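Following: one structure in structure tokens, then a few remarks.
Position 1 is the first residue of the sequence, and the numbers go up from there. What you are looking at is a predicted structure, and each value in this text was computed from that prediction instead of being measured. As a basis for the values below, the full set of heavy atoms in this structure was taken, side chains included, without hydrogen atoms, waters or symmetry mates.
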Amino acid sequence: MEPTTFVLFGATGDLAKRKIYPALFNLFLDEKLPSSFSLIGLGRREWTDASFRANVEQSIREFSRRQGKDPSFVKQFVETFKYSVLDIGRQEDYVKLKHLIEQREEELHLPPNRLFYLSVGPEHFQPIAANIQESGLGSANGWKRLVIEKPFGHDLQSARVLNEKLSQAFTENEIFRIDHYLGKPMVQKLEALQQNNPVIQGLWNNRHIANVQITANETVGVEERAGYYDHVGALRDMFQNHMLQLLMMTAIQLPRESGFDEVQVKKKRIMEALEPLLKQDVAASVIRGQYAAGSVKGEPVRGYVDEPGVAAGTMNDTFIAAKLQIDDYFWRGVPFYIRTGKRMKEKSTRIVIEFKEQFTTSLTEKKDHAEANLLVIEMSPNESITLQLNAKDGSGTGAVKPVHIDIHPAGEQLPEAYENLIRDALAGDSTFFAHWDEVELAWAWAQPILEAFEENLVPLHLYEAGTYGPSESDELLAQDGFHWWFDANNEQTNALVSQEYSYHNSWNTLVSLQSTPDSWRKSC
Ligand SMILES: NC(=O)C1=CN([C@@H]2O[C@H](COP(=O)(O)OP(=O)(O)OC[C@H]3O[C@@H](n4cnc5c(N)ncnc54)[C@H](OP(=O)(O)O)[C@@H]3O)[C@@H](O)[C@H]2O)C=CC1
Ligand SMILES: O=C1O[C@H](COP(=O)(O)O)[C@@H](O)[C@H](O)[C@H]1O
């Protein structure tokens with residue numbers, strides 16, 4: 001990895017503290033940072049280098065999964081960190097920053113490779129990019145990269161304007177838009193699963209798959225983020241970005257030797273093939289919900305409208321479920337059901353592929369109770385891949401019972417999403433970042449839904465906190481003859497939960513999932 005200066009805007013903020021420093025520290029311990037690495041933190045707070053380092057140390061103690069490590073490692077990690085006071089709107093602060101960066105590059109013999117990480121509110125993205133350009137910070141004789149956090153725009157129009165402005169200072173290849181779901185280890189292993197297993201690759205189409213279900217349920221409510229969330233809702237906060245990225249990563253078809261460019265092109269093709277919704281038809285395939293008072297994990301919780309900071313009479317969505325169709329050769333006719341919500345019964349992020357029951361006859365169906373074949377990719381709370389097959393149960397009656405092949409990352413400590421993403425950004429590999437074409441197409445697809453919500457063309461269903469959302473979400477699948485798998489109140493899933501036979505395999509033996517193929521990765 002090339003020597004790099006990591007310039008962190010928002011170094012005093014919450015994201016830096018909870019995610020960025022712990023991720024950098026873990027990369028440091030794993031020797032995955034560039035051998036020459038300089039970090040400069042920026043914020044308005046009047047911190048010194050010493051107080052900045054003390055804050056970073058504290059965040060590592062609090063949030064790093066390696067907090068038990070020898071404290072001398074933490075000291076060693078932060079000892080070269082610098083802090084500079086910078087107000088985003090003040091041009092003279094960028095001049096001061098430029099001098100500091102150049103001085104450090106000289107002291108540490110670093111080429112001027114600069115990664116600008118914007119861990120600040122979205123209203124600051126454009127002014128920072130413009131000031132980087134105007135101050136000459138981005139015109140040194142090395143590479144420059146811009147890493148930006150979500151949200152990327154508020155709707156299609158604002159996203160286009162933002163992109164246009166950023167493009168004046170950075171090329172598309174230099175912009176790394178974070179979608180932390182793309183950094184999740186199971187998402188990164190998803191394509192390796194398909195690419196390295198012809199048996200799965202051969203099944204990955206509408207001849208064999210009945211439907212796909214993508215769920216991201218959370219138990220938390222709006223927390224202290226009402227100021228942000230009440231203007232955004234589940235559609236903008238989760239669906240337009242994370243959920244559609246999961247859809248792209250699931251539906252993509254990649255031959256074994258696919259490179260980074262192919263991934264990008266094929267993700268874009270999926271989005272282009274996504275059947276658009278007309279505003280007046282949104283209500284037929286989109287369910288909007290908002291949590292009412294209830295209880296989560298045995299604790300009573302208030303309804304969304306009673307959360308501090310939420311506007312009176314708010315119609316904001318805290319739950320959304322939708323049926324999507326991809327109109328292409330592979331997926332035509334396969335419904336993709338996607339849902340995400342806050343204050344649900346349990347935290348669960350998973351993709352379920354339900355295969356068609358091609359070979360069942362009415363006789364075997366009745367006698368054997370054969371369950372559907374499922375492939376379940378579990379991202380949270382645990383990480384695993386499970387394949388449900390049917391086998392004779394050995395009782396001599398000839399009965400068929402579901403068996404499960406579980407693939408767990410046994411003993412392996414998987415990296416956090418931010419570790420994967422920061423490592424990739426440092427390496428110039430944008431495979432697992434959101435590219436502009438995808439972001440624009442995702443906003444274009446979501447736009448009629450935003451408008452239908454705005455104009456109240458879609459009913460807002462209240463659901464009790466601690467449930468699986470409004471019952472209309474179940475009906476969305478029931479009208480096609482399906483049901484959400486793994487909802488505890490769904491009897492048909494009990495067979496899976498009370499499994500009798502389970503073949504536990506080590507992470508590597510059954511399928512080769514360990515790493516994402518290098519051919520995916522592109523070094524700029
Ligand atoms: N926190 C999280 O879990 C997540 C956050 N994000 C995104 O990350 C970004 C940062 O969020 P978060 O850390 O929570 O926000 P915080 O409000 O905690 O931090 C904001 C940071 O921006 C700095 N800042 C604000 N205004 C200025 C200014 N005028 N000049 C210089 N610095 C300024 C603050 O510095 P100071 O206070 O010193 O002025 C602070 O370091 C946002 O885009 C958010 O959407 C995305 C996913 C999760
Ligand atoms: O981006 C966001 O994601 C989190 C959920 O992330 P997860 O990794 O815990 O599944 C969500 O709580 C938050 O509202 C949203 O902004």
At what distance, to the nearest 0.5 angstrom, does [atom1] of [X] lie from [atom2] of [Y]?
| X | Y | atom1 | atom2 | value |
| --- | --- | --- | --- | --- |
| Leu375 | Ile351 | CG | CD1 | 9.5 Å |
| Met379 | Ser348 | CE | OG | 10.0 Å |
| Arg145 | Leu115 | CZ | CG | 6.5 Å |
| Glu149 | Ser119 | CD | OG | 5.5 Å |
| Leu460 | Tyr463 | CG | OH | 9.5 Å |
| Ile270 | Leu244 | CD1 | CG | 11.5 Å |

Would a 4.5 Å heavy-atom cut-off, applied to side chains only, mark [X] and [Y] as touching?
| X | Y | answer |
| --- | --- | --- |
| Arg350 | Gln213 | no |
| Glu46 | Val85 | yes |
| Gln245 | Glu438 | yes |
| Val376 | Phe486 | yes |
| Trp443 | Gln240 | yes |
| Val222 | Thr318 | no |
| Phe9 | His124 | no |
| Phe25 | Phe73 | yes |

Does [atom1] in [X] sit with more than 12 non-hydrogen atoms of other residues, nucleotides or ligands closer than 6.0 Å?
| X | atom1 | value |
| --- | --- | --- |
| Glu224 | CD | no |
| Gln479 | CD | yes |
| Glu455 | CD | yes |
| Lys347 | NZ | yes |

Side-chain ion pair, [X] and [Y], N-O less than 4.0 Å:
| X | Y | result |
| --- | --- | --- |
| Glu57 | Lys75 | yes |
| Asp237 | Lys150 | yes |
| Glu218 | Lys342 | yes |

With no hydrogens and no angle check, is any side-chain donor or acceptor of [X] less than 3.5 Å from a backbone partner on [Y]?
| X | Y | result |
| --- | --- | --- |
| Tyr21 | Ala11 | yes |
| Gln447 | Leu156 | yes |
| Asp317 | Phe319 | no |
| Gln290 | Asn316 | yes |
| Arg423 | Lys32 | no |
| Thr340 | Ala216 | yes |
| Arg343 | Thr219 | yes |
| Thr314 | Val310 | no |
| Asn55 | Ser51 | yes |
| Asp424 | Thr431 | no |

Any idea which heavy atoms bring [X] and [Y] closest together, and the distance?
| X | Y | answer |
| --- | --- | --- |
| Ile88 | Pro127 | CG2-CB, 4.2 Å |
| Ala210 | Pro335 | O-CD, 3.3 Å |
| Ile326 | Ala251 | CD1-CB, 3.6 Å |
| Val286 | Leu277 | CG2-CD1, 3.9 Å |
| Ala16 | Leu8 | CB-CD2, 4.2 Å |
| Pro448 | Val282 | O-CG2, 3.9 Å |

query = Within 45° of the six-membered ring axis of Phe453 and under 6.0 Å from that ring's centre, is NZ or CZ of Arg288 located there?
reply =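 Checked: cation-pi criterion met.
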message = Is the positively charged end of Arg177 above the ring of Phe152, judged by distance under 6.0 angstrom from the centroid and angle within 45° of the axis?
response =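 Judged by the rule (NZ or CZ under 6.0 Å from the ring centre, within 45° of its axis), Arg177 counts as positioned above Phe152.
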message = Is there a side-chain hydrogen bond (donor to acceptor under 3.5 Å, both in side chains) between Tyr337 and Asp480? Walk through the geometry before answering.
response = CA-CA 11 Å; Tyr337 304 105; Asp480 298 336; 2.5 Å; yes
request  = Would you check, one step at a time, whether the test side-chain contact (heavy atoms from CB on, under 4.5 Å) holds for Phe433 with Leu182?
outcome  = CA-CA 7 Å; Phe433 289 83; Leu182 290 177; 5.7 Å; no
We want to know whether [X] and [Y] form a side-chain donor-acceptor pair, criterion being a heavy-atom distance below 3.5 angstrom.
| X | Y | answer |
| --- | --- | --- |
| Asp474 | Ser471 | no |
| Arg160 | Gln157 | no |
| Tyr229 | Glu223 | no |
| Asn26 | Ser64 | yes |
| Trp484 | Thr215 | no |

ask   = Is the Tyr83 ring parallel, tilted or perpendicular to the Phe52 ring (thresholds 30°, 60°)?
value =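 Tilted: the ring planes of Tyr83 and Phe52 meet at 30° to 60°.
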message = Using side-chain contact (heavy atoms from CB on, under 4.5 Å), reason through Glu307 and Arg302 one step at a time and then give a plain yes or no.
response = CA-CA 7 Å; Glu307 297 276 18; Arg302 53 163 73 102; 3.6 Å; yes
task = Assess whether side-chain contact (heavy atoms from CB on, under 4.5 Å) is satisfied between Leu118 and Val147, documenting all intermediate values.
result = CA-CA 6 Å; Leu118 311 196; Val147 178; over 6 Å; no
query = Asp437 pairs by salt bridge (charged side-chain N to carboxylate O under 4.0 Å, His left out) with which of Lys267, Lys268, Lys266?
reply =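 Among the candidates, only Lys268 passes.
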Matching residue for Arg339 among Leu477, Asn217, Ile214, Ile320 - test: side chain to side chain contact (heavy atoms under 4.5 Å, CB included) =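 One option only clears the test, and that one is Asn217.
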ask   = Please walk me through it: do Asp230 and Tyr304 pass side-chain hydrogen bond (donor to acceptor under 3.5 Å, both in side chains)?
value = CA-CA 10 Å; Asp230 206 32; Tyr304 179 71; 2.5 Å; yes
ask   = Any chance the rings of His154 and His231 have centres within less than 6.0 Å?
value =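 Judged by ring-centre distance (under 6.0 Å), His154 and His231 do not meet the cut-off.
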task = Would you please test Phe77 and Leu33 for side-chain contact (heavy atoms from CB on, under 4.5 Å) and show each step?
result = CA-CA 11 Å; Phe77 170 61; Leu33 285 182; 4.1 Å; yes
CA sep, side-chain torsions, deciding dist, call: Tyr117, Phe6, ring-ring contact (aromatic ring centres under 6.0 Å, His included) = CA-CA 7 Å; Tyr117 195 123; Phe6 192 102; 5.8 Å; yes
